[in-house]
Amino acid sequence: MSQRKVLQGNIIIAKAALAAGCDFFAGYPITPSSEIAQYMSKEMPKMEKAFIQMEDEIASLGACIGASLAGKKALTATSGPGFSLMQEHLGFAVMAEVPVVIVNVMRGGPSTGMPTKPSQADMMQTRWGTHGDHPIIAVYPAFSDEIFSETVRAFNLAEKYWNPVIILLDEVLAKAHMDVEIPEPGSYEVYWEKTHEISDLNIYDRNIGENPPRIDFFHSYPIHIDSLEHDAHGWPSFDAKTVDKMQKLRMEKIFYNLDDIIKYKEYFLDDAEVLVFSFGISARSALAAVKMAREQGIKAGLFQALTVWPFPRAALQERFKKTKKVLTVELNMGQMKYEIERIAPPDVKKQTLLRANGLPFSPGEVLETIKEFVK
Amino acid sequence: MSQRKVLQGNIIIAKAALAAGCDFFAGYPITPSSEIAQYMSKEMPKMEKAFIQMEDEIASLGACIGASLAGKKALTATSGPGFSLMQEHLGFAVMAEVPVVIVNVMRGGPSTGMPTKPSQADMMQTRWGTHGDHPIIAVYPAFSDEIFSETVRAFNLAEKYWNPVIILLDEVLAKAHMDVEIPEPGSYEVYWEKTHEISDLNIYDRNIGENPPRIDFFHSYPIHIDSLEHDAHGWPSFDAKTVDKMQKLRMEKIFYNLDDIIKYKEYFLDDAEVLVFSFGISARSALAAVKMAREQGIKAGLFQALTVWPFPRAALQERFKKTKKVLTVELNMGQMKYEIERIAPPDVKKQTLLRANGLPFSPGEVLETIKEFVK
Amino acid sequence: MMKIEIRYGAVGGQGIITAGALLVDIAVEMENKFAIESPTYTAAVRGGPTKVDVIISDEPIDFPHAQAIDFFLCTDQKPYDIYKERLKDDAIVVVDSHLVRELGDTRNWKVYHVPIINETKVGAGNVVLTSVVSLALTQKMTNVISYDNMVAHIKHWAPKGSVEMNMKAIEVGMNLIK
Amino acid sequence: MMKIEIRYGAVGGQGIITAGALLVDIAVEMENKFAIESPTYTAAVRGGPTKVDVIISDEPIDFPHAQAIDFFLCTDQKPYDIYKERLKDDAIVVVDSHLVRELGDTRNWKVYHVPIINETKVGAGNVVLTSVVSLALTQKMTNVISYDNMVAHIKHWAPKGSVEMNMKAIEVGMNLIK
Amino acid sequence: MEKEELKANQDALERRAKKKPSAKNNKLTMVPLYCKGCGLCVHICPTGTLQLYDDPKNKFGASVKIDAPDFCIGCKMCELQCPDFALFVNYEEEKKEGGQ
Amino acid sequence: MEKEELKANQDALERRAKKKPSAKNNKLTMVPLYCKGCGLCVHICPTGTLQLYDDPKNKFGASVKIDAPDFCIGCKMCELQCPDFALFVNYEEEKKEGGQ
Amino acid sequence: MRDYEKYIRYRTFPTPWCPGCGDGVILKSIAMAFAELKLDPDDIIVIAGIGCSGRMPTYFNTNTLHTTHGRALTFATGIKLAKPEKLVVVVSGDGDATAIGGNHLIHAARRNIGIKMILINNGIYGMTGGQVSPLTPPKFFTETTPYGNIEPHFRIRMLLSAAEASFVARETVNRLAQLKQVIKKSFLHKGFSVVEVMSNCHVNLGRRNKMKSPLVMTEYIKDITMSMADFEKLSPEEQESKYPLGIFVENTQRPEYTDLYYNQIVPAAQQADAKGGK
Amino acid sequence: MRDYEKYIRYRTFPTPWCPGCGDGVILKSIAMAFAELKLDPDDIIVIAGIGCSGRMPTYFNTNTLHTTHGRALTFATGIKLAKPEKLVVVVSGDGDATAIGGNHLIHAARRNIGIKMILINNGIYGMTGGQVSPLTPPKFFTETTPYGNIEPHFRIRMLLSAAEASFVARETVNRLAQLKQVIKKSFLHKGFSVVEVMSNCHVNLGRRNKMKSPLVMTEYIKDITMSMADFEKLSPEEQESKYPLGIFVENTQRPEYTDLYYNQIVPAAQQADAKGGK
Ligand SMILES: Cc1ncc(C[n+]2csc(CCOP(=O)(O)OP(=O)(O)O)c2C)c(N)n1
Ligand SMILES: Cc1ncc(C[n+]2csc(CCOP(=O)(O)OP(=O)(O)O)c2C)c(N)n1
Ligand code: SF4
Ligand code: SF4
Ligand code: SF4
Ligand code: SF4
Ligand code: SF4
Ligand code: SF4
Ligand SMILES: [Mg+2]
Ligand SMILES: [Mg+2]
């Protein structure tokens, strides 16, 4: 039977990763994510799983990708400065279609910034940080049980779509100790596809929209994996038609499967006059605020994105048919608000509550903004 | 008297940089930008200016920032993989407010991708590639004379706003030899502010929206520069009010000065039924297409963004008052089109011409799309 | 609905982080409550002002930082000055009588000045035990967890050989305010 | 408006890049035209098919790749196959008679088969001079630049000691097609 | 104080016991604001002049005190070793002399 | 061919001039598709068996030819040194023997 | 078919290298070392960074991985730790290995992780057209040292010995038999190994330094390299521009990293776990 | 006022370090070296990366720069090349300098660029709470080596000598007079210099290894360090865990990088330019 325990947010991630089958961790310490590596260094050897502290973040993600191609489920964890350093290898994982999970416990930025303060200012970097066109999946849990379930889901999505998946976490939650329900093994899905049989080494051969099959090294047909643009065999090719297809294969595996990938939660939205759009720690402020608003007779509701990339466009647009006010609450100077501006119809009024000074919003602040907005 | 010469695109950048007062170059070779470094290695010592090839791109941008803080006008040049590696230091330059110019000659991505093929797929990375909230200026010349003038402007903007400025260039133009007018020294502005006198070491003390003054090392008042969030003295501070102000100081110096920063060109737009929005090499295809369209009696016009970040929102919105169709042409799988979606009113029909297979659009292809669109 | 919000303030802060964590452990694992402890640090590497918020409730907790504080325990002036916000009008406030001297407007708070640090050193023998002393003080003043659970948990949690010291610390805490 | 579009195709490509650059230099700096040369490489590090497009016009040039080619010179089969697109119906096409054998549909092109590479080696003494031979061929067949300017420019451009060789190469080029 | 610090105090007293007060009237200056009570000065002082004490006003719990100023021989070991610029030996005096 | 290659040919001929045809009937196999005409085999062959020639069909301008097969002593130096897997010595024969 | 051809992926031929480039020779010697050890191609992975040398994996009929510039060792570390029983080979150019990748090199050496590195020292950035590398000899002209190189070059055998490497050797593309032999030995060595191969980039280094033909440049390599015995006879000044050959370090005592991890840390952790404790 | 106090920025005090941390001692000895050389504070810049040691620049009343983790040397290279006449000092922790920053370290050494580095070796990542570093001694317990460290540590004096460094020394926080002296000497040296300072992080390394007090840990440092003469008397096994002190390399022959650049390359380029040519 499952049981509510007290765990630090970082430790929930680590435990969930192990529960999802993670059997490789390479990382480099950085506040406020270091506890993940520390926990792994203690627990993984017990399970004969591999832990290594690398010389930097570039090396960490490189090692994870290598291990993944050798059949492991690999995890690394970092924060802003390290995540910036990982961008080149993030692109590699996209290009070669390698499942790997990266935790970014966001802290105040830019640069060294405020290592001990929360922020939600890496939202756009998560989507666009590496060069070239690339698909990205990013999940962003806010409540303790979600930290567990979204971490498991991140591994499943990485395996299914053969793509890097980023888990965003707030500094506040990474460091907090909180009650959490650790579900029984077997009560949640752990996705693992057997390595695919291939003919003619055509490892990337599939139709647009199809999930890539798991193909990795050491399965009796020696394969080639390349960071250069490549053909169905993985061999370098700049042939325009081939490239066209490969680019689409990579992008569309995500966009053909939005229903599977996108997850969100809706609170009090059915009759809402104002939709609060938020995620992570800000969604927790917003939820408290929405409840307070309801008590005061204000019809507010919350749309909490759990998948932040790809953006939950369709679900929001459905809501915008009825709800004509949207308030974006985020701990940055305006990032996901651009997505709302982009997808919300013009008859929907847009308001934001933004801040980037290291303090999360209090529910009262969100409530005030809602009240101003509904006036 | 100025004279039309034949120069390679990369060399135009190098010459323009020297003309703009660039006196420090640190870089690491990468296709298709290496000629810039090579030219500098030959020319700079003649002028007693410093050139150094560093051990990687991280080191290159680090050295440039150091030199800039020591009073130099610094340049580095790279392409996608190197630009990804520079993201952490790009954030440093934003945080510490350091002028530095980075050339990104874009090539096919992601990852190693297609080093010898053109692409415009680093548009969003340019804006959002580093962690934390950060202001960015990016210019994107398309025609030979613009390569010169925008490079000079990039240095001026960096100096004026004490911020990193990115010059985007197309592989096609970087490698092409073309006629170009190198203007006479004195015929263009070269911005250089004398180092500011300060009291009480309050190097970051100013009002929101004001340009930062030039303050650098070795001017008889020893100062401190920090990658941590800091107060007006540059000393680390996480005080919420201080942070709020510093974040705004950094962002708003750009947004208060859009008129000075944003530059674009408009062709045949006054009576246009369809506005083609484009930049770089694609704008050249589009201009040819628009001229062909006009010959065929189709009222097409071109909006060519020279400043791509900050986005030329106001100018476009002005056009959208009359022109109700917009076609975004870009060599990627959809990046700046998101900006257009965001800012164009709903009564403006939106269409795109996108591709990321290493081939630039031919004017004919753009024309076909225009024709389809106006139907 | 039961919901109690507690705040600890100190410099350095390892002690109050432990106090908060213990409180949450007991509330969740022994008393079936929902609870969260969230620490906030400042810039200084060592010895900077730190606060720890603990919320304990019989319903899931939305926002993890305290909004209306019932109980505030603070062992230093600087964190007192910074973190005394968001206290309820009738909050219970316990401050170290040596280290927090300027209280300012105390509204309707019930304020207790007690020599927490000193008594810990003298009575329990080691300043590290401030965590347990603070926990006991909290238990006594708020009753948010039961005394028996607290004792049982500390016995289980304390490293072998230091159980006695910890029990002494509980005693110190229980007796600081009569 | 005068506008001529020229394409060179080869493997490796250093020679045709030089030819294109020379052509553009002369057109711009000696004949006051607008001009651009843009090379396109493929994946192979060395010896892959390469094309070089040159556009020369008396107006500024919008798009730098050739769209309607007047003159196409190609020294190898593979680049011929890949790059023979976008030729005008009445384009002039010069191919190396040894190395380009399969021409496919030649529409209304005026096609010349000449042993460019071989004649360069034999006549000018070094295959590196294909660049100058190609330039001369272009001058002769298109008249896009003047002969005198070409000679003057090559004399100026050629490294000391190799002027004579280069002049020979011009001769070879001028005589390849009678 | 932890046992290591108590030992440092004890050791200092033992060293002091073996010495006589110094002839020179050396002056020690403490900057209480900066002293973190680390005890390095106590540990290093050859004459056992210094002692740590529990100091509730010090956020790290202890401070140093100049326990037996007349034993000080002015060797400046303590000043050199203090990581926090909290202890100076004959500071004012040397200032008057125009620096060291 | 550049002067270095011409010299390699010349040197090979000179070496050959000093040798006699080999007793063993060694068989040399060329893969023209892969040969880049670098001349390393010509340069290394102790018997001067090989020669470079201008080859318009080779995109690099030259290829190697087995100019005097009977001089080959089967030492395999050329095969070892060829960077492009374009030259094999007694390939079929050894295959029959079941590999080396 | 030659035994070594089993390890060659002819379908991807011809190779992209310039005529006479040493990379092809090295490709062949590695394949020959595989053959002599009679390895199953699927038990091998060859990994490279970016550079001319970086293209090598494509041509091995083993598992192959073309990574990012300078980072091949990081991927290799992940693979070796995931699959300690596989032969993990890294091929790296001098720029790749010692400029952008220098840190990974010294750390792999320090860890003594059982990766087999072939470091192709052609003294230049070949792929990008001839810029100076940390192994370019002093005074040489390159695209970015038009007035001659003023930077001293790393001496790999010194640097790696100091970084605790347990196997360090140097050979040249002129001595195929010895090269193959040393590579084979390195494959049999338990810990991290580096075989530095002096190779010829006549096109991008040679051309600017009066050695534009492979025939000339391989002779130059012969001139500057020699046995350790001959090297030691030289004066320190003479040694400056010469490169001794052979195996410089072969330390079989130092434990290999994955061995330590799986056979020391894992049992220790499991024991600690079994003992319980909190 | 002490002479050295001129170089201290008291306004930013107190320092953020734990009681007894060696960083404060090092701060003082560097300031004393400045004072003894009677330098104008504005002619100095102190640069650091990220770490406890990285916070040091804030407390110098000279030009100071707090950069990114591991990259201080890259900024310093830019500054030194821009202003060769300034004293450019880099302070770097062991993780900063040899983990993430290892590559910049060996390249600065190779170039022999006139940067003066103080490498604070406390054998641990202090700032992030005690994870293993490339200089953590074998078997030590840290947050990420809960079963003991299995990685060998770099020996800085070896690594840097091999990387061609022209000045390499080691001192400890226990020997202030010598430390100050060696730092001063390094400041007077023309090329790249590294002074490794053995320091105590009793809080994050000591605590997990039975040395939680600075008083104990500084004694431990005394125990493991000794003069070169004493060190050489030890057997190789004994040497493994000991650290000799003193100046190991002091090569005044090797030209400094910016010197070469401005006094050799610049005139060569100007001459080439004057001669014309194309
Ligand atoms: C991050 C990054 N920076 C730069 C490059 C460009 N680049 C490709 S290969 C190379 C150097 C190649 O030199 P080397 O490693 O010596 O290999 P070689 O070509 O000589 O075999 C460089 C700088 C790149 N691909 N990625
Ligand atoms: C890119 C990046 N990765 C990781 C970190 C986190 N970090 C800060 S300091 C540090 C290590 C500090 O250790 P060391 O350099 O030895 O300095 P010390 O604190 O021991 O003085 C780390 C890993 C960071 N700031 N930036
Ligand atoms: S100066 Fe010497 S004797 Fe006096 S207190 Fe300091 S260390 Fe002791
Ligand atoms: S005076 Fe300095 S050395 Fe002595 S205890 Fe205080 S801080 Fe430590
Ligand atoms: S086998 Fe020996 S003798 Fe025969 S061709 Fe080759 S190198 Fe010459
Ligand atoms: S056979 Fe091989 S070695 Fe000989 S020329 Fe051809 S490619 Fe070169
Ligand atoms: S450029 Fe140099 S290294 Fe690259 S393939 Fe050619 S010869 Fe070889
Ligand atoms: S953690 Fe260690 S290194 Fe950092 S300040 Fe404390 S004692 Fe010094
Ligand atoms: Mg190389
Ligand atoms: Mg350290």
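Numbered from 1 within each chain, the chains take letters A, B, ... in sequence-line order.
- Counting heavy atoms from C-beta on, the side chains of Lys42(A) and Asp273(G) never come closer than 4.5 Å.
- For Phe24(A), the part lying under 4.5 angstrom from a heavy atom of chain G is the side chain only.
- Contact tally against chain A (heavy-atom pairs below 4.5 Å) for Ile47(G), Ile50(G), Thr62(G): the top residue is Thr62(G).
- For the atom pair CD1 (Ile52(A)) and OH (Tyr257(G)), the distance works out to 3.5 Å, reported to the nearest 0.5 Å.
- Residues Val266(G) and Lys46(A) form no side-chain contact, since every pair of their non-hydrogen atoms from C-beta on lies 4.5 Å or further apart.
- A donor-acceptor pair under 3.5 Å is formed between the side chain of Lys83(G) and the backbone N or O of Ala70(A).
- At a 4.5 Å heavy-atom cutoff, the contact between His104(G) and chain A is made by backbone and side-chain atoms alike.
- Closest approach of Glu48(A) and Tyr262(G) over heavy atoms only: O-CE2, 4.0 Å.
- Scanning for side chain to side chain contact (heavy atoms under 4.5 Å, CB included) contacts around Asn10(A) gives Gln8(A), Glu35(A), Ile36(A), Val105(A), Leu169(A), Ala174(A), with sequence neighbours left out.
- At a threshold of 4.0 Å, the pair Asp226(A)-Arg55(G) does not count as salt-bridged, since none of the basic side-chain nitrogens sits closer than that to a carboxylate oxygen.
- In this view, Asn156(A) and Val152(A), Glu189(A), Tyr191(A) satisfy the side chain to side chain contact (heavy atoms under 4.5 Å, CB included) rule, not counting sequence neighbours.
- For the pair Asn63(G) (side chain) and Phe217(A) (backbone), a donor-acceptor distance under 3.5 Å is absent.
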- Item | CA sep, side-chain torsions, deciding dist, call: Leu228(A), His66(G), side-chain contact (heavy atoms from CB on, under 4.5 Å) | CA-CA 8 Å; Leu228(A) 286 166; His66(G) 188 210; 3.5 Å; yes

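- Between Phe60(G) and His224(A), the gap from one ring centroid to the other reaches at least 6.0 Å.
- With hydrogens and angles ignored, the 3.5 Å screen pairs no side-chain donor or acceptor of Ser227(A) with any backbone N or O of Thr68(G).
- Each of Arg110(G), Arg71(G), Arg111(G) was checked for a salt bridge (Lys or Arg N to Asp or Glu O under 4.0 Å) with Glu55(A), and the lone residue meeting it is Arg111(G).
- Of the listed residues Val46(G), Leu65(G), Val88(G), the one with more heavy-atom pairs under 4.5 angstrom with chain A than any other is Leu65(G).
- Looking only at side-chain heavy atoms (C-beta outward), Pro222(A) and Thr64(G) stay at 4.5 Å or farther from each other.
- For the pair Asp43(G) and Phe218(A), the minimum side-chain heavy-atom distance is 4.5 Å or more.
- In this structure the side chain of Gln270(G) never reaches within 4.5 angstrom of the side chain of Met47(A), judged on heavy atoms.
- Distance check: Lys49(A) NZ to Leu81(G) CG gives 13.5 Å after rounding to the nearest 0.5 Å.
- Counting heavy atoms from C-beta outward, Thr58(G) and His230(A) have side chains that stay 4.5 Å or more apart.
- Separating the OG1 atom in Thr67(G) from the CD1 atom in Ile65(A) is a distance of 9.5 Å, to the nearest 0.5 Å.
- Only the backbone of His219(A) comes within less than 4.5 Å of a heavy atom of chain G; no side-chain atom from C-beta onward does.
- Across Gly78(G), Ala48(G), Ala76(G), Ala72(G), the residue that shares the most heavy-atom pairs under 4.5 angstrom with chain A is Gly78(G).
- Heavy-atom pairs under 4.5 Å with chain A peak, among Asp40(G), Asn103(G), Ile45(G), at Ile45(G).
- Residue contact with chain A, scored on non-hydrogen atoms closer than 4.5 Å, is absent for Leu73(G).
- Here the CD1-CG distance, from Ile223(A) to Asn61(G), works out to 12.0 Å after rounding to the nearest 0.5 Å.
- The structure places CZ of Phe75(G) at 7.5 Å from CG of Leu61(A), a figure rounded to the nearest 0.5 Å.
- Neither the backbone nor the side chain of Asp23(A) comes within less than 4.5 Å of any heavy atom in chain G.
- More than 12 non-hydrogen atoms from other residues, nucleotides or ligands lie less than 6.0 angstrom from NZ of Lys6(G).
- For chain G, the nearby parts of Ala50(A) are the backbone and the side chain; heavy atoms of each come within less than 4.5 Å.
- Considering every non-hydrogen atom in both Gly62(A) and Thr74(G), the closest pair reads CA-OG1, 3.4 Å.
- The ring of Phe51(A) has its center no closer than 6.0 angstrom to the ring center of Tyr261(G).
- Residue Ile58(A) holds its CD1 atom at 7.5 Å from CD1 of Ile100(G), rounded to the nearest 0.5 Å.
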